[in-house]
Amino acid sequence: MLSVVIVGGLHADARKAAVARLLTDVPGSVVLHHDLATAAAGTVVRTIRDADGVLSAGETPLVNDCACCALREDLVPELRRLDAAGTLRLAVVELWDSVEPKAMAEVVAAGGLTVTGVITAVDPALVLPYLGNGDDLADRGLAAAATDQRTVADTFARQLEYAPVLAVLDSPEADEEDRELLAQLHPTAHQILIATGRPTLTDPSARRTDPAGTDHSAWFTDPAGPDRSAWFTDRAVPDPSARLTDPAVPHHPARPTDPPHTDHPARPTDPAPTDHPVRPTDPSGTLYPVRPSPRSALARAALAGFDVESAAAAQHPACARLPAEADAHGVSTLVWHRCRPFHPERLYEALEDITCAAARSRGRFWLADKPDVLLHWDAAGGALCVESVGPWLASLPDAAWDMVPPVRRAAAALDWHPEHGDCCQHLVFTSPGLDRDGLERLLESCLLTDAEYAAGRDAWKRLPPAFDTLLEV
């Protein structure tokens, strides 16, 4: 059966590098891409290509004046056709810039195909600029439909946080703060280093850290010897010792009877052969073999398996896997958890200051005038989206609990309060230069006072409904 991996992201250079790497590393793979940039002409252009070039191209008309809808209608039939051919191992679905992987993964799975991986490609140097970009996609020529009201920031945030695997571009412009921001935004992601126009140097399965978990300096350091980062950068040749850091690639130390590989010790200018693919020549003109390896970290991630339902649950506000407390390299994550509701007016008046306090914030919150409603907080680029996502479990009758997914019940149990059940504030703020103390004071000032809290739910419901406009009540 054909495996399908979805590769997306607004960072086009990183995305294309990740796709090129997969084509090289997985024999029998093709890339299916729908270019939504042609939507103004009434069509979406589809191309299918392999490592040698374009195999086919075609157009599909817009559906309801929506390019993304045309993509949905065309994607599954094309994948089924590729599957029916029986000659391919992997179909890489390269999403157009602003298309979000969650929707496409669900479309592919609903079509009876097997999604084995979802990867978002990221340039760490661009994470903060994109999170801070509140421009509408339409203003940047990135809208997927005439009615698309998303912004650059919120689209990028969802692309980043949905994928369990991040293909991280080896960007010389990125610094420790950039990498730390990326790590704190999605701490459970499997990060895989990739490069533009050349293979990764080490394909680390995760960030290398010191025992405190904060030092990234070992990314380009040979763990068996001195730092050779300049050599790697200049020559783009993998360090053979890096295989020791990849548990999926077996390493067999030389036995006393093993013949040496060369008559002279390996030198920085004469690297030993490697199972990782390399460019045919390096800058000095030395010829190296090109041997595609399905064992690369990115290839393994593409074929590892993906659970669409679990991924959706991990993004649902009631049971989202939110980042944990962190503070390193100038970047902080504040987890704010309280069991008292917000006063609607005071919170509404403080929204701008709270929203702008962090590059990214998300979670669930509880308003006193709507005590039974679970509310979603989703902010990026200085803009906030607030929406109702149904009732708190504490407000449901016992008979209704059987219809609630187990993951939701488990998440509620973690927050359960003897009096309020799962009703709570659980907000997470991540940003460089975060004023943690000031933000906590501001949030605390928006909660009900002791007297307001003691008045009880009937009194809470009579408070001014400041959020009705935002919630379109």
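Note that the numbering runs from 1 along the sequence shown for the chain.
At least one donor-acceptor pair closer than 3.5 Å links the side chain of H33 to the backbone N or O of E94. A distance-only check finds a donor-acceptor pair linking the side chain of E452 to the backbone of T449 [under 3.5 Å]. At least one donor-acceptor pair closer than 3.5 Å links the side chain of W366 to the backbone N or O of P371. Here the side chain of T38 pairs no donor or acceptor atom with the backbone of A41 at under 3.5 angstrom. Remark: side-chain polar atoms of S431 are paired, donor with acceptor, to backbone N or O of A359 under 3.5 angstrom. Not a single donor-acceptor pair under 3.5 Å links the side chain of S395 to the backbone N or O of P391. With D123 contributing its side chain and A125 its backbone, the two residues share a donor-acceptor pair below 3.5 Å. Counting only distance, with no hydrogens or angles, the side chain of D307 and the backbone of S310 share a donor-acceptor pair below 3.5 Å.
Among all heavy-atom pairs drawn from D35 and V44, the shortest one is O-CG1, 3.6 Å. Nearest approach of A357 to L434, heavy atoms of both residues: O-CD1, 3.3 Å. Shown here for A18 and I194, the closest heavy-atom pair between the two residues is N-CD1, 3.7 Å. S29 approaches D50 most closely through the heavy-atom pair O-CB, 3.8 Å. Among all heavy-atom pairs drawn from L22 and A302, the shortest one is CD2-CB, 3.8 Å. Across every non-hydrogen atom of P124 and V122, the tightest pair is CD-O, 3.6 Å.
Taken to the nearest 0.5 Å, the CG atom of L137 stands 5.5 Å off from the CG atom of D148. Interatomic distance, T43 OG1 to H34 NE2, rounded to the nearest 0.5 Å: 11.0 Å. Atom SG in C356 sits 10.0 Å away from atom CG in L384 (nearest 0.5 Å). Within the model, atoms OG of S171 and CG of L126 stand 6.5 Å from one another, a figure rounded to the nearest 0.5 Å. The SG atom of C339 lies 9.0 Å from the CD atom of Q425; values are rounded to the nearest 0.5 Å. For the atom pair CG of D372 and CG of L396, the computed distance is 9.0 Å after rounding to the nearest 0.5 Å.
Looking at heavy atoms from C-beta onward, E100 lies in side-chain contact with T155 at the 4.5 angstrom threshold. Proximity of Y348 to L470: side-chain heavy atoms (C-beta onward) are separated by under 4.5 Å at one or more points. Proximity of L142 to R150: side-chain heavy atoms (C-beta onward) are nowhere separated by under 4.5 Å. Under the 4.5 Å side-chain criterion, counting only non-hydrogen atoms from C-beta, H11 is not in contact with L169. Residues P432 and L181 form a side-chain contact, since some pair of their non-hydrogen atoms from C-beta on lies under 4.5 Å apart. Contact annotation: the side chain of V93 approaches that of L95 to within less than 4.5 Å [non-hydrogen atoms, C-beta and beyond]. Considering only heavy atoms from C-beta on, I119 stays 4.5 Å or farther from I6 through its side chain. Contact annotation: the side chain of R72 never approaches that of V99 to less than 4.5 Å [non-hydrogen atoms, C-beta and beyond].
Taking the charged nitrogens against the carboxylate oxygens, D468 and K370 do have a contact shorter than 4.0 Å, which makes a salt bridge. The pair E106-K102 meets the salt-bridge criterion, since a charged nitrogen lies less than 4.0 angstrom from a carboxylate oxygen. In this structure, R321 does not pair ionically with E161, as no charged nitrogen and carboxylate oxygen lie closer than 4.0 Å. Ion pairing of E444 with R340 is absent here, as no side-chain N (NZ or NE/NH1/NH2) approaches a carboxylate O to less than 4.0 Å. Here D378 pairs with R360 in a salt bridge; the nearest charged N to carboxylate O distance falls below 4.0 Å. Between D74 and R46, at least one side-chain N (NZ, or NE/NH1/NH2) sits under 4.0 Å from a carboxylate O, which counts as a salt bridge. Taking a cutoff of 4.0 Å between a charged side-chain nitrogen and a carboxylate oxygen, D154 and R158 qualify as a salt bridge.
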Go through S445 and R346 one step at a time and tell me if the side-chain contact (heavy atoms from CB on, under 4.5 Å) criterion holds.
CA-CA 8 Å; S445 72; R346 289 201 294 273; over 6 Å; no
Q159 vs L10, test: side-chain contact (heavy atoms from CB on, under 4.5 Å). Steps then yes/no.
CA-CA 8 Å; Q159 290 177 337; L10 276 164; 3.6 Å; yes
For the pair L160 and L166, evaluate side-chain contact (heavy atoms from CB on, under 4.5 Å) and give the outcome as yes or no after the intermediate values.
CA-CA 8 Å; L160 177 71; L166 300 179; 3.7 Å; yes
Step by step, would you call D415 with R364 a salt bridge (Lys or Arg N to Asp or Glu O under 4.0 Å)?
CA-CA 12 Å; D415 281 337; R364 52 190 177 271; 2.6 Å; yes
Apply the test side-chain contact (heavy atoms from CB on, under 4.5 Å) to residues E78 and I48: give CA-CA distance (whole Å), side-chain angles for both, the deciding distance (0.1 Å), then the verdict.
CA-CA 9 Å; E78 284 298 314; I48 299 175; 3.6 Å; yes
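With ring centers used as reference points, W377 lies 6.0 Å or more from F342. With ring centers used as reference points, H343 lies 6.0 Å or more from W460. The aromatic ring centres of H420 and Y453 sit less than 6.0 Å apart. A ring-centre distance under 6.0 Å is not found for H376 and F365.
Side-chain contact, D25 with S296: a donor N or O sits under 3.5 Å from an acceptor N or O. There is no side-chain donor-acceptor pair under 3.5 Å between T333 and E325.
The local environment of CD in Q315 is crowded, with over 12 non-hydrogen atoms from other residues, nucleotides or ligands closer than 6.0 Å. Remark: Y162 OH is packed, more than 12 non-hydrogen atoms of other residues, nucleotides or ligands lying under 6.0 Å away. Few gaps surround CD on E440; more than 12 heavy atoms of other groups in view lie less than 6.0 Å from it. Environment of CG in N64: sparse, with no more than 12 heavy atoms of neighbouring residues, nucleotides or ligands closer than 6.0 Å.
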